[in-house]
Amino acid sequence: MTPSSRQSQILALLEKDEILSITRLQKLLAVSHMTVRRDIRALEKSGHVRSVRGGVVTDNGHLHHKHNTVATQQSVKSHHDKEWVRQTLHEHLNAHQVIYLHHGHISLEIAKQLPADQGLTVVTNDIAITNTLHARAFSEVYFIGGFIDRSKNASVGSRAEKALKNFNIDLAFVSTTTYEDGSDTLLTSVKTCAKRCYSVPETN
């Protein structure tokens, strides 16, 4: 298959999925990691796609690097949410990690897909996420206290921030809107406590 044919196939796949991992593209195209990278670079130069950590998204996404924080922004339709979560967890989740889920509907989807048999500890400020994990019989679930913001159905404020500092968080998931807002003081604590922080696409 020629480079132009592969690149056309990548674009066709992105029309369907909007985000693809390098590993998945290797398997679908039956080529090496470096070949996939070269094709992605060529598509980036033409303005069709943007690289993200471990993969590629359509041109409506972009990646920010700041210290050990990775933020991935993209417009994702609701029927793509589950696939985005599946790929992200497959690429970044390891057994016995401490996971923080900030309030948001895709964080809730993450809670629904987290494997219950890998010894994970989940910390969250979201009431719906807490209830979901409780119903799934997760053994290690922590709801950080604080003032309950009814509009978010989540705990906020200084007490929540203080509680969060008691955890050594491996992975944190925060909505793109919250990540960019800057007014959520709890997010500052998340960035400080988490070894790696991912912003997740939020849709209405």
Side-chain angles (χ1 to χ4, degrees), residues 17-19 52-55 57 60-64 66 68-93 97-116 120-136 138 140-161 163-165 167 169-204:
D17 289 341
E18 292 191 358
I19 180 170
V52 296
R53 183 178 177 84
V57 298
N60 59 341
H62 62 274
L63 181 68
H64 297 284
K66 185 175 181 182
N68 65 339
T69 300
V70 179
T72 305
Q73 280 184 234
Q74 64 190 95
S75 297
V76 180
K77 296 176 183 177
S78 58
H79 66 278
H80 290 294
D81 293 350
K82 290 184 179 180
E83 177 63 14
W84 186 94
V85 170
R86 186 193 67 76
Q87 287 189 22
T88 301
L89 294 181
H90 174 73
E91 292 172 11
H92 304 293
L93 191 67
Q97 286 181 318
V98 179
I99 312 298
Y100 175 74
L101 299 178
H102 204 62
H103 68 86
H105 88 275
I106 298 199
S107 290
L108 179 58
E109 181 59 39
I110 291 172
K112 293 176 181 177
Q113 292 196 37
L114 282 174
L120 299 173
T121 297
V122 183
V123 183
T124 184
N125 70 328
D126 189 293
I127 295 173
I129 290 173
T130 303
N131 291 336
T132 295
L133 293 171
H134 177 70
R136 294 188 57 206
F138 251 74
E140 293 285 337
V141 182
Y142 294 89
F143 176 78
I144 56 175
F147 175 77
I148 300 296
D149 185 330
R150 293 182 182 274
S151 67
K152 298 175 181 176
N153 199 35
S155 62
V156 297
S158 59
R159 291 189 179 182
E161 294 169 36
L164 188 61
K165 292 177 182 178
F167 297 93
I169 296 168
D170 295 299
L171 287 176
F173 294 91
V174 181
S175 75
T176 299
T177 303
T178 302
Y179 192 93
E180 292 184 333
D181 182 15
S183 64
D184 190 335
T185 56
L186 182 57
L187 181 56
T188 302
S189 295
V190 173
K191 290 180 180 180
T192 301
C193 296
K195 296 175 184 175
R196 192 168 296 278
C197 181
Y198 292 90
S199 88
V200 300
E202 287 289 328
T203 57
N204 295 321

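The shown structure was predicted, so the numbers you read here are calculated from the model rather than taken from an experiment. We count residues from 1, following the sequence as given.
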Shortest non-hydrogen contact from [X] toward [Y]:
{"X": "D149", "Y": "S151", "value": "OD1-OG, 2.5 Å"}
{"X": "A111", "Y": "L133", "value": "O-CD2, 3.6 Å"}
{"X": "A163", "Y": "G145", "value": "CB-N, 4.4 Å"}

For the backbone of A128 and the side chain of T132, can you confirm whether one donor and one acceptor N or O come within less than 3.5 Å of each other? yes
Nearest 0.5 angstrom please: [X] [atom1] to [Y] [atom2], how far?
{"X": "L108", "Y": "Q113", "atom1": "CG", "atom2": "CD", "value": "11.0 Å"}
{"X": "L89", "Y": "E109", "atom1": "CG", "atom2": "CD", "value": "9.5 Å"}
{"X": "L120", "Y": "I99", "atom1": "CG", "atom2": "CD1", "value": "5.5 Å"}
{"X": "N125", "Y": "E161", "atom1": "CG", "atom2": "CD", "value": "11.0 Å"}
{"X": "H102", "Y": "K152", "atom1": "NE2", "atom2": "NZ", "value": "6.5 Å"}
{"X": "Y100", "Y": "L171", "atom1": "OH", "atom2": "CG", "value": "14.0 Å"}

Check whether any side-chain heavy atom of [X] lies under 4.5 Å from a side-chain heavy atom of [Y], and answer yes or no.
{"X": "L114", "Y": "L93", "result": "yes"}
{"X": "I129", "Y": "S107", "result": "yes"}
{"X": "F173", "Y": "I106", "result": "no"}
{"X": "V98", "Y": "V123", "result": "yes"}

Using the test ring pair (Phe, Tyr, Trp, His ring centres under 6.0 Å), find all partners of F143 that sit at least two apart in sequence or belong to another chain. none
Taking the six-membered ring for Trp, are the ring centroids of F167 and Y142 within less than 6.0 Å of each other? yes
If you count every heavy atom of other residues, nucleotides or ligands that lies below 6.0 Å from R136 atom CZ, does the total exceed 12? yes
